[in-house]
Amino acid sequence: MTVGKREILQNILIGLHDNAGMGNLKVLGINTPFGMIQTSNGITLSPNAYLIYQSPTGLFERKVYLNTISSLK
């Protein structure tokens, strides 16, 4: 089966979208699932990293700095 440019672009967009979808880019030589964060030693966050909670309308938002959250034990 031949894969055209359109299908490759669709798979790239699927992998870059903010959901659980993963693009298949094996025809380009990328054998890992495109769209997954893959690091061997975890994600390094800056000391001032934060999460943003935003309302569906975008009118209200709240920032929670990760260095203020106590660790779960």
Side-chain angles (χ1 to χ4, degrees):
M1 176 178 152
T2 60
V3 179
K5 294 177 186 178
R6 178 183 216 138
E7 289 82 11
I8 292 173
L9 287 174
Q10 285 176 338
N11 279 311
I12 290 172
L13 291 174
I14 289 169
L16 294 175
H17 197 266
D18 187 24
N19 61 12
M22 291 177 284
N24 181 0
L25 298 178
K26 290 183 181 178
V27 294
L28 298 179
I30 300 174
N31 293 321
T32 58
F34 186 69
M36 290 183 65
I37 296 177
Q38 298 181 9
T39 59
S40 59
N41 55 356
I43 301 170
T44 304
L45 299 173
S46 66
N48 57 350
Y50 56 87
L51 298 173
I52 299 177
Y53 294 100
Q54 192 173 51
S55 68
T57 60
L59 295 175
F60 306 101
E61 75 177 30
R62 179 173 58 118
K63 292 181 183 178
V64 177
Y65 286 87
L66 295 180
N67 59 5
T68 63
I69 300 173
S70 62
S71 62
L72 300 173
K73 294 184 182 181

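With sequence neighbours excluded, the residues that form a side chain to side chain donor-acceptor pair (under 3.5 Å) with S46 are N48.
Contact between I8 and L25 at its shortest, heavy atoms only, is O-CD2, 4.1 Å.
Note that CD1 of I30 and CD1 of I12 are 7.5 Å apart. Values are rounded to the nearest 0.5 Å. Between the OG1 atom in T32 and the CG atom in N24 there is a gap of 10.5 Å [rounded to 0.5 Å]. If you take CE on M22 and NE2 on H17, they are separated by 15.0 Å, rounding to the nearest 0.5 Å.
Screening residues 31-70 for ring pair (Phe, Tyr, Trp, His ring centres under 6.0 Å) gives Y50-Y65 as the qualifying pairs, with residues at least two apart or on separate chains.
Two different hydrophobic clusters hold L45 and I52 under the rule that ILVMFWY side chains link at heavy-atom gaps under 4.5 Å. Hydrophobic clustering (side-chain heavy atoms under 4.5 Å, transitive across Ile, Leu, Val, Met, Phe, Trp, Tyr) keeps V27 apart from L13.
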